[in-house]
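Below is one structure, written out as structure tokens, with a few remarks after it.
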Protein chains: 2
Amino acid sequence: MEELDPLLHQPLRTQLVAFLAGAGEQTFSDLKRQLAVSDGNLDAHLKKLLAADYVAVRKESGNGRPQSFFILTPQGLAALNDYVRALQRLLPLAGSGDGLPEGFPGRTLATD
Amino acid sequence: MEELDPLLHQPLRTQLVAFLAGAGEQTFSDLKRQLAVSDGNLDAHLKKLLAADYVAVRKESGNGRPQSFFILTPQGLAALNDYVRALQRLLPLAGSGDGLPEGFPGRTLATD
DNA sequence: TTAATTAACTCTATATTGCAGAGTTTATAG
DNA sequence: CTATAAACTCTGCAATATAGAGTTAATTAA
């Protein structure tokens, strides 16, 4: 059965990676604001992504407050790519911009 | 930012619900085999889906071994529908059957 | 030039969730 | 009627997620 990278298949991390993919390099604070998440929680999830080399960090200081810039690595983008494909195979999303129930052939609903 | 139903956004439960959506009513053992998961783990996740009324169960006995048939409820299908749409908004998947990197405008990659 | 303030992180303890295997029940076979 | 096996279910351990307290570093203002 279709595997879903557990590192990516978690609400906050999916959002994180999707956001980095779409918006490019972001500071810790940017991410914190965008995802409305606590410092500690963001830190913990970033650490996991860093440990997996899905995300890289570049630190700056000297010309202002110290800042960390987080960015998706090529591996991270590749993993996201694979993840999205796995989702597409698992969930019949193809061509369903507006409904998708028709995309689930053979289903039977509980009649309650 | 885009919300992802935490009940569905978990590897095993996503697979479970996707499978039920695609294949209709399934027994406990069918699910166990298809998802290659331990009894206890399957039971735990089914309980959560039952508690949320995403899945319903019908029990049979008397004419063979006792069996439970699990099935997606209308609420479950609706939740899955919402979930897929949230993913589609979060991840720019549209029309990317074969690459998708182009689907992430504005991204910048770490050069390592 | 140095003490106060504030922003940017990071660490740690607690809560929540996930998992596997042992246990229980129910049915068929000998 | 005892043994075997399939179909679940329960319980304790392990891993993960979260929040908030703590730490470091830089600007501001006396």
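All heavy atoms count here, side chains included; hydrogens, waters and symmetry mates do not.
- Residue pairs that meet the ring pair (Phe, Tyr, Trp, His ring centres under 6.0 Å) test with at least one member in residues 12-61 of chain A, sequence neighbours left out, do not exist here.
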Could you walk me through whether B:Leu20 and B:Leu31 pass side-chain contact (heavy atoms from CB on, under 4.5 Å), step by step? CA-CA 9 Å; B:Leu20 284 176; B:Leu31 294 172; 4.2 Å; yes

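- Computed from coordinates, the A:Gln15 CD to D:dT18 P distance equals 10 Å when rounded to whole Å.
- Taking 4.0 angstrom as the limit, A:Arg13 places a side-chain polar atom (N or O) nearer than this to OP1 or OP2 of D:dA17.
- Side-chain contact check for B:Thr27 and B:Asp30: at least one donor-acceptor pair (N or O, by modelled atom type) lies under 3.5 Å.
- To the nearest angstrom, P of D:dT16 lies 15 Å from NE2 of A:His9.
- Interatomic distance, A:Leu80 CG to A:Arg13 CZ, rounded to the nearest 0.5 Å: 13.5 Å.
- Rounded to whole Å, atom C1' of C:dC19 lies 11 Å from atom NZ of B:Lys48.
- The backbone N or O of B:Asp53 sits less than 3.5 Å from a side-chain atom of B:Thr73, completing a donor-acceptor pair.
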Under 4.0 Å protein heavy-atom contacts per nucleotide of nucleotides 5-16 of chain C, with B for base, S for backbone only and - for none: -BSSBBB-----

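- Atom CG in A:Leu12 sits roughly 15 Å away from atom P in C:dT17 (whole-Å rounding).
- At D:dT18, one or more side-chain N or O atoms of A:His45 fall inside 4.0 Å of OP1 or OP2 (strictly under the cut-off).
- Between the side chains of A:Thr14 and A:His9, not a single donor N or O lies within less than 3.5 Å of an accepting N or O.
- Residue A:Gln10 places at least one side-chain N or O under 4.0 Å from the OP1 or OP2 atom of D:dT18.
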